[in-house]
Amino acid sequence: MKFSTLVVAGAALAAGVEGFSTSAPRAFGGIRQATPMKMAEAATEVDKMAALATSANEARGLAMDSIAAAHSGHMGLPLGCAEIGAVLYGSQMQYNPSDTQWMNRDRFILSAGHGSMFLYSWLNLAGFDLSIEELKNFRQHHSQTPGHPEFPNSEHTTPGIECTTGPLGAGVSNAVGFAVSEKMAAARYNTDDHTIFDHHIYALAGDGCFQEGVSAESAAFAAQEKLDNLIVLYDSNEVTLDKMAEYTQSEDIIKRYDAYGWETYEIDGHDLAVVEETIAAAKASNNGKPKFIKCNTIIGKGMEETEGTNAAHGEAGVPYVDKARASIGLPEEKWFVSEGTRDFFDGVQEKNTKIYDEWQGTYAAWKEANADMAKELEDAVADNVMPAEDMITTIPEMSGDAEATRVSGYKIIQEIAKLVPNYISGSADLHGSTRNYIDNGGNFGAGFDKTYAGKNLYFGIREHSMGTILNGIAYHGIFKASGSTFLVFVDYFRPTIRVASLAELGRVSYILTHDSIGVGEDGPTHQPVETVSGLRVIPNLDVFRPSDAEETVAAYVSSVTRKDGPTALILSRQNLDQNTDMPAQARREGSLKGAYVAKAETADLDLIIIATGSEVQHALAAAKDMPGARVVSMPCMELYERQSDDYKETVLPSTCTKRIAMEAGVSDPWYKYASKVVGVDRFGFSAPGDIVMAELGMSADNLSSEIATMN
């Protein structure tokens, strides 16, 4: 089917948003006399709609050509959502390709990340530094156009990518985190005289995103906290990969989102005027409701052989690309972009530059009037924090009494919040147990005692959503966010930790308490044994399991000073002895290196005992009467591995091969460092924690017995 841009534009102008909307139809006050000015405005609007229609088809062409060249990719969404992209980048979003880090830019998240050529095509057309050559290298090694969008990191630095997406449901949930961060920034930094934060968050998602449960958790949270700066566009094409969508879903999604408390619309996703009017209405509606726009689309639109079928999802349309390009009026030249489209987006950039320049003026005036607040904000955006080596000397020394590291963590997080003003924290309904509440920080959200300036987030019993929201806050680039639950429940949001590690998000950390079989009476369902080691195998995730209060100081400090990846803090429920034989600062400094000598030998070195977390106290006790024994505390394997070979040799000298390791968890990871391991390679049982620990060998006496069997 051949498109005429003027016909499309005319039809779009003739349509109204109420054609598919659940909102009430617009009311007209009677016939109005056309004036020359009105006629000129209408002509300009027709020109704009024609330009948007042309750019939509040229974006389709860029996507088809790139996927065909790669013989790989997902063609359905870029073709089916082209009009949505045209309206977002050509009309409704505020952005500046020359300053991709402008803090008040609108954010766009492609939750359906498999449709990445949609995003790359529009970034090119909108003037971002993503060349046609990069589009030609789609999915190729070292290109800036990887298979799924990747937040700028050491592997890819693609401009205009706000969020790593691919796992379905995650991106639309990350968008909730972006919306949280924007609301928080506006509440903290806007003043009566100056508004410096008022942008919107857009997410484009498909059926798979809404079938995944995390999107439901996040939708409920967004409505509860009245995040009306969030606009979610649903690419409703009635197709999933295996079958037509009706094969696996029959719900009325509009009613579902109405029930959550969202403002909902249903529109023709190919009607440019309707798409534009609906998005504009959603932006203007500050009624405390996030916005959900169901865009009825045809997957693979423009490719007659596959459009509207599940075959359109992937690269099955590659053999039909040339025919499809011709059918929508594109010339034979591949990766074609007309001069008219380039001129149109030059005009879009000119319009957005005026908005940007006006904002810069507002920001300058705000900064002059609020110097201290401006310093805090600029430090937050630049991620300027006190160096870890200085921070550990600033936090007061902890008590020498036996104490659970979660309790130590509560004391320490108060100090962290003072030293890092943009630090916030939240919990999946477990603040009373995980002990990460920031005193006098206020609670985030709407209603009750909450405000958008609050530092404490209540996620409800929604661990997976918590993880995606934390990542969204980190992507947004202002706040450092942590979230807590019991360690055993981390698998609910493990996928988000993996993506945070891949995306190198240093602004996020996870507080995971009740760390072992020491949980006791709750039994094996709540006693993690494999979980810590399961986290350690995730690349670029620092896993800290401190043994006492001073190591916990170092763990928290490391989590807020790290720049290139997330940190998991593994804290105990039960009290732990403090290693008071060693100065507090020495324990802190050693922990920042991942491992250190917690007790030096007093005779020729004969044995090294390596332990972590609650087992360090047992190692110290067992070594007390062993002059040739050295105890190494290793709270963070990953940090230790990043130290120099010289330092590692001072801790674990290669000349001493008689080594034993101890941890209340599975033993396998420790064989890298020791020839014998005292671990827990089975599930626990319900009994008081000290009994479970003793029965499963986590005691100084058992450790001593195991050492006695070594040659």
Side-chain angles (χ1 to χ4, degrees), residues 3 54-86 88-90 97 108 110-152 155-162 164-166 204 206 235 237 241 297-307 311-338 341-342 345:
F3 296 89
T54 298
S55 67
N57 280 338
E58 291 177 0
R60 286 185 170 101
L62 294 177
M64 286 190 283
D65 293 340
S66 299
I67 293 166
H71 298 284
S72 175
H74 297 79
M75 204 174 290
L77 185 146
L79 274 60
C81 293
E83 285 77 18
I84 296 170
L88 287 172
Y89 283 94
F108 174 76
L110 181 63
S111 187
H114 54 273
S116 56
M117 268 312 305
F118 168 92
L119 185 49
Y120 302 145
S121 297
W122 287 110
L123 290 174
N124 172 272
L125 294 177
F128 288 79
D129 186 17
L130 190 65
S131 68
I132 289 290
E133 286 303 311
E134 289 293 348
L135 270 57
K136 292 179 180 179
N137 287 326
F138 177 54
R139 291 191 163 212
Q140 304 308 302
H141 194 207
H142 297 314
S143 79
Q144 294 298 302
T145 49
H148 289 76
E150 295 184 28
F151 184 72
E155 184 70 24
H156 298 282
T157 57
T158 313
I161 305 297
E162 303 287 1
T164 297
T165 57
L204 177 59
D235 173 25
N237 55 40
L241 183 56
T297 62
I298 300 171
I299 189 171
K301 185 173 177 62
M303 185 169 285
E304 181 181 356
E305 290 80 2
T306 61
E307 67 177 18
H313 178 82
E315 66 270 13
V318 167
Y320 314 112
V321 163
D322 289 343
K323 179 181 176 184
R325 294 177 84 263
S327 76
I328 59 175
L330 295 176
E332 291 184 3
E333 178 188 345
K334 299 296 177 71
W335 291 282
F336 171 80
V337 179
S338 65
T341 292
R342 293 297 186 199
F345 275 99

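Each residue takes its place number in the sequence, starting with 1. Predicted model only: the values in this text are computed from it and were never measured.
- Side-chain atoms of Asn124 come within 3.5 Å of backbone atoms of Leu130 as a donor-acceptor pair (strictly under, hydrogens ignored).
- Distance alone, capped at 3.5 Å, places no donor-acceptor pair between the Glu307 side chain and the Ile299 backbone.
- Residues Arg139 and Gly147 approach most closely at NE-CA, 3.5 Å, considering heavy atoms.
- Thr165 places a side-chain N or O within 3.5 Å of a backbone atom of Leu110 that can act as its donor or acceptor partner.
- Atom OG of Ser55 sits about 6.5 Å away from atom CG of Leu125, to the nearest 0.5 Å.
- The nearest pair of heavy atoms linking Ser72 to Phe138 is O-CE2, 3.5 Å.
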(request) Could you please spell out the steps behind the side chain to side chain contact (heavy atoms under 4.5 Å, CB included) verdict for Lys323 and Glu304? (result) CA-CA 9 Å; Lys323 179 181 176 184; Glu304 181 181 356; 4.0 Å; yes

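- Checking side-chain atoms of Glu58 against main-chain N and O of Ser338 turns up a donor-acceptor pair under 3.5 Å.
- Annotation for Ala324 and Gly302: closest pair CB-O, 3.5 Å, computed over non-hydrogen atoms.
- The main-chain N or O of Gly317 is never found under 3.5 Å from a side-chain atom of Thr306 such that the two would form a donor-acceptor pair.
- With hydrogens and angles disregarded, no donor-acceptor distance shorter than 3.5 Å links the side chain of Gln144 to the backbone of Glu134.
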(request) Please lay out, stage by stage, how Ile161 and Glu150 fare under the test side chain to side chain contact (heavy atoms under 4.5 Å, CB included). (result) CA-CA 7 Å; Ile161 305 297; Glu150 295 184 28; 5.6 Å; no

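- In this structure, Phe345 and Tyr89 approach most closely via the heavy-atom pair CE2-O, 3.5 Å.
- Heavy atoms from other residues, nucleotides or ligands lying under 6.0 Å from CZ of Phe151 number more than 12.
- Residues His71 and Glu315 form no side-chain contact, since every pair of their non-hydrogen atoms from C-beta on lies 4.5 Å or further apart.
- Taken to the nearest 0.5 Å, the CD1 atom of Ile132 stands 11.0 Å off from the CZ atom of Phe336.
- Exactly one of Met303, His74, Met117 qualifies for a side-chain contact (heavy atoms from CB on, under 4.5 Å) with Leu79. That residue is Met303.
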(message) Please evaluate residues Ile298 and Asn237 with respect to the criterion side chain to side chain contact (heavy atoms under 4.5 Å, CB included), reporting the C-alpha separation (whole Å), side-chain torsions for both, the decisive distance (0.1 Å), and the verdict.
(response) CA-CA 5 Å; Ile298 300 171; Asn237 55 40; over 6 Å; no

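- The two atoms that bring Pro78 and Phe118 nearest to each other are CG-N, 3.6 Å, heavy atoms only.
- Ala126 and Pro97 get closest at one heavy-atom pair: O-CG, 3.4 Å.
- For the atom pair Leu88 CG and Phe108 CZ, the distance stands at 6.0 Å (nearest 0.5 Å).
- Using cut-offs of 30° and 60° for the angle between ring planes, the His313 and His114 rings count as tilted.
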(request) Might you work through the side chain to side chain contact (heavy atoms under 4.5 Å, CB included) test for Leu77 and Leu204, ending with a clear yes or no? (result) CA-CA 10 Å; Leu77 185 146; Leu204 177 59; 4.2 Å; yes

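- Using a 4.5 Å heavy-atom cutoff, the side chains of Ile328 and Lys301 are not in contact.
- Expressed to the nearest 0.5 Å, how far CG of Asn137 lies from OH of Tyr120 amounts to 12.0 Å.
- You'll find the side chain of Asp322 stays beyond 4.5 Å of the side chain of Glu332, heavy atoms only.
- A side-chain donor-acceptor contact under 3.5 Å links Ser143 to the backbone of Thr145.
- The salt bridge (Lys or Arg N to Asp or Glu O under 4.0 Å) contacts involving residues 61-70 comprise Asp65-Arg325, where partners must be two or more places apart or lie in separate chains.
- Checked by atom type and distance alone, the side chain of Ser66 pairs as donor or acceptor with a backbone atom of Leu62 at under 3.5 Å.
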